[in-house]
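Written out below as structure tokens is the structure these notes cover.
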Amino acid sequence: MRLRQGQFSFLPDLSDDDIRTQAQYAIDNGWAVSVEYTDDPHPRNTYWEMWGHPMFDNRDAAAVVYEVNECRKEHGGKYIRVLAFDATHGWESVRMSFIVNRPKEEPGFRVVRQEAPGRVIRYSVESYAVREPEGHRYG
Amino acid sequence: MNDMSDIKTVTGAKRYSAGVMKYAQMGYWEPDYEPKDTDVIALFRITPQDGVDEVEAAAAVAGESSTATWTVVWTDRLTACEKYRAKAYRVDPVPNSPGEFFAYIAYDLDLFEPGSIANLTASIIGNVFGFKPLKALRLEDMRLPVAYVKTFQGPATGIVVERERLNAYGRPLLGATVKPKLGLSGRNYGRVVYEALKGGLDFTKDDENINSQPFMHWRDRFLYCMEAVNRASAATGEVKGTYLNVTAATMEEMYERAEFAKTLGSVIIMIDLVIGYTAIQSMAKWARDNDMILHLHRAGHSTYTRQRSHGVSFRVIAKWMRLAGVDHLHAGTVVGKLEGDPATTKGYYDIFREEYNPMALENGIFFDQDWASLNKMMPVASGGIHAGQMHQLLTYLGEDVVLQFGGGTIGHPHGIEAGATANRVALEAMVFARNAGRDIWNEGEDILRDAAQTCTPLKQALDTWKDVTFDYASTDAPDFAPTPEVSA
């Protein structure tokens with residue numbers, strides 16, 4: 001399967017130049033861009049690991065591409081995403097989020113069903129990869 | 001402009017001698033009145049009967065929507081009646097519409113119960129719409145003072161937290177209404193939900209009249225839909241939702257259905273506008289208490305919003321619903337099959353999504369409106385839209401919107417999943433191109449064609465619907481052209 005989180009997961013993988021144009025759009029809007037990675041891609045895993053702080057004072061998207069590639073050197077077998085934070089009053093949250101790196105193989109998720117009274121089923125979605133300990137997933 | 005502009009309020013004992021007096025003489029017309037920051041202001045479009053002066057008509061509307069009755073009553077003198085009288089303070093002819101006038105009326109805040117849409121509307125649109133001296137009456141806009149806004153909960157979730165819960169940022173959300181809207185069994189219905197969500201939609205939606213009918217009772221629908229939602233979530237790694245319509249005959253039944261949706265783990269439920277303002281506020285409170293996104297389908301609104309001369313403008317309904325506390329509300333597409341010109345629709349979207357609305361007559365917004373940090377509502381665009389219009393939709397409607405392609409998903413020649421994928425790819429390609437600095441308005445068709453080269457479902461969608469447009473004159477366009485000399 002292909003993890004469909006983020007703004008552009010239905011498009012072909014982004015090139016470094018694609019990443020640069022999108023990061024520059026965020027910067028030009030006054031948003032702080034950051035890089036995060038994880039080997040637990042559950043749809044409700046909010047807190048991916050931070051590859052440094054959001055780049056609050058950076059005006060040049062080339063620096064974002066540089067950090068993505070530095071992160072790839074260490075975590076190339078994991079998911080890496082680029083985020084943009086908007087600190088404006090009334091938003092103060094994420095404005096953009098897109099995946100820029102994936103594991104070679106994405107085994108996906110299973111649905112776990114627990115049958116409860118009255119035909120109710122309690123569902124969990126679980127990533128196959130998280131059966132292995134952190135750091136030992138995705139080969 | 002009119003022959004009664006110098007009419008004076010009768011004062012002293014004469015004001016209260018028994019009998020009938022003009023409303024304008026009773027204190028409901030005060031051309032020198034300066035509205036207070038805490039006043040509620042209503043703008044009505046009035047069409048007086050032939051021979052009825054517009055100032056008297058405006059004063060009558062002010063009177064009948066506040067303290068007056070048809071005759072003088074001495075019991076007024078037991079109250080601070082000058083405070084409680086609504087005051088018509090300005091009457092302007094409507095541009096290019098002989099016989100129609102805009103009447104501005106100010107209401108003291110103490111006339112209204114805090115936090116109650118039912119109470120607000122019982123005054124403002126209560127008796128007065130049937131008043132005989134008027135041919136027609138339309139509530140065009142309202143200014144809601146911050147002091148009053150702050151007595152309402154506002155949207156249960158709001159755009160920002162909705163996006164955080166869905167883990168979906170930087171693009172419009174995608175949805176589809178399950179079709180056919182009536183007749184599918186629960187099992188078949190869930191199939192449509194599964195295919196559409198797996199294909200790339202964020203949401204599917206019950207239609208307004210799907211409640212609990214012989215072909216599909218509500219529990220069956222909820223159970224099969226949540227199987228579909230969870231399977232699709234596992235297939236894509238995304239948070240998915242389906243608007244489970246909990247509309248029912250009684251509050252007790254709606255609460256029961258909402259609780260069941262919560263038990264099953266749904267992120268969103270839905271109600272119809274026809275349940276009424278109090279029921280909507282109750283469900284908004286329930287949604288806030290239970291971390292549920294609340295979708296409102298505006299079923300029935302066109303019975304009173306569509307005609308220009310009589311009824312209530314949708315921009316007023318939108319303001320009431322933001323106060324009442326729903327998260328999603330349909331607001332038009334501009335390019336689809338349902339009513340809505342671009343300028344008026346922009347006015348609606350601004351009311352949904354902005355923290356502050358400056359007066360914008362060209363968009364039908366007559367007042368500055370401060371929303372006092374109330375959450376923002378997510379507008380929903382649905383009705384006759386398809387992937388080939390993606391550049392127009394993104395340009396007109398922006399990013400914080402749910403684009404709902406019902407027929408445009410389920411009617412795809414290669415099936416529902418293909419239809420959903422076509423929409424999602426078109427959307428992502430268009431957002432990407434916009435962010436990269438392309439002129440999507442002019443290059444939109446090229447951008448879609450390029451994206452279709454690596455996405456067969458999109459190519460098929462573009463081929464199927466390439467000539468579909470809905471180009472009819474609007475029945476509800478703004479009265480003011482966007483020229484600098486227009487002022488309020």
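Side-chain atoms are counted along with the backbone in the values below, which use heavy atoms only and exclude waters and symmetry mates. Throughout, a chain's letter reflects where its sequence line sits, starting with A, and its residues are numbered from 1.
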Spatial distance of atom OH (A/Tyr123) from atom CD (B/Glu227) [nearest 0.5 Å]: 3.5 Å

Please indicate whether B/Lys459 has more than 12 foreign heavy atoms, meaning atoms of other residues, nucleotides or ligands, lying under 6.0 Å from its NZ. no

Are B/Phe432 and A/Thr21 side-chain neighbours, meaning at least one heavy-atom pair lies under 4.5 Å? yes

Could you go through B/Ser373 and A/His89, starting from their C-alpha distance and side-chain angles, then the distance that decides it, and tell me whether this counts as side chain to side chain contact (heavy atoms under 4.5 Å, CB included)? CA-CA 9 Å; B/Ser373 298; A/His89 174 254; 3.5 Å; yes

Report yes or no: is the cationic atom of A/Arg119 (NZ for Lys, CZ for Arg) closer than 6.0 Å to the six-membered ring centre of B/Phe222, at no more than 45° off its axis? no

Rounded at 0.5 Å granularity, tell me how far OG in A/Ser124 sits from CG in B/Asn230. 8.5 Å

Distance, nearest 0.5 Å, that separates CG of B/Leu197 from CZ of A/Arg4: 13.5 Å

Which atom names give the shortest non-hydrogen contact between A/Val111 and B/Ala234, and what distance separates them? CG2-CB, 3.4 Å

Can you establish whether the number of heavy atoms outside B/Phe215 located under 6.0 Å from its atom CZ is more than 12? yes

Side chains of A/Gln7 and B/Asn435: closer than 4.5 Å at any heavy-atom pair? yes

Ignoring hydrogens, what is the shortest heavy-atom contact between A/Val120 and B/Leu223? Give both atom names and the distance. CA-CD2, 4.0 Å

Quick one: are B/Thr263 and A/Arg122 in side-chain contact, heavy atoms under 4.5 Å? yes

Tell me, side chain or backbone of B/Asp202 under 4.5 Å from chain A's heavy atoms, or both, or neither? neither

So B/Leu427 and A/Phe10, do their side chains get closer than 4.5 Å, heavy atoms only? no

Rounding to 0.5 Å, atoms OG (A/Ser97) and CZ (B/Arg163) come to a distance of 11.0 Å

Over 12 non-hydrogen atoms of neighbours within 6.0 angstrom of CZ in B/Arg191: no

Counting C-beta onward and ignoring hydrogens, is there a side-chain heavy-atom pair between A/Pro43 and B/Lys240 closer than 4.5 Å? no

Between A/Thr46 and B/Asn167, is any pair of side-chain heavy atoms under 4.5 Å apart? no

Residues, nucleotides or ligands: over 12 heavy atoms within 6.0 Å of A/Glu70 CD: yes

Is it true that the side chains of B/Arg434 and A/Tyr25 contain a donor and an acceptor less than 3.5 Å apart? yes

What residue in A/Arg113, A/Glu106, A/Arg20, A/Glu92 has the most heavy-atom pairs under 4.5 Å with chain B? A/Arg113

Check B/Thr236 against A/Met1 and note the closest heavy-atom contact, atom names and distance. C-CE, 3.5 Å

Over 12 foreign heavy atoms within 6.0 Å of CZ, A/Arg110: yes

Do other residues, nucleotides or ligands put more than 12 heavy atoms under 6.0 Å from A/Glu105 CD? no

Where on A/Leu14 is there a heavy atom nearer than 4.5 Å to chain B: the side chain, the backbone, both, or neither? side chain

Between B/Gly170, B/Gly437, B/Gly237, which residue shows the highest count of heavy-atom pairs closer than 4.5 Å to chain A? B/Gly237

Cut-off 4.5 Å, heavy atoms of chain A, and the answer for B/Ala429 is both

Output the distance between atom CZ (A/Phe98) and atom CD (B/Glu428), rounded to the nearest 0.5 Å. 12.0 Å

Looking at B/Glu238, B/Met226, B/Arg171, B/Arg165, which one has more heavy-atom pairs under 4.5 Å with chain A than the rest? B/Glu238

What's the separation between atom CH2 in A/Trp91 and atom CD1 in B/Ile159, rounded to the nearest 0.5 Å? 6.0 Å

Can you say whether A/Asp28 sits under 4.5 Å from chain B via the side chain, the backbone, both, or neither, judging by heavy atoms? neither

Report which part of B/Ala235 has an atom under 4.5 Å of a heavy atom belonging to chain A: side chain, backbone, both, or neither. backbone

Side-chain touch A/Ser93/B/Glu164, heavy atoms, less than 4.5 angstrom: yes

Residue A/Arg2 versus chain B: region with a heavy atom under 4.5 Å: backbone

What part of A/Met96 gets within 4.5 angstrom of chain B, counting heavy atoms only: side chain, backbone, both, or neither? both

Just wondering, are more than 12 heavy atoms of other shown residues or ligands nearer than 6.0 Å to CD in A/Glu115? no

Chain B: which of A/Gln24, A/Arg95, A/His42 shares the most heavy-atom pairs with it under 4.5 Å? A/Arg95

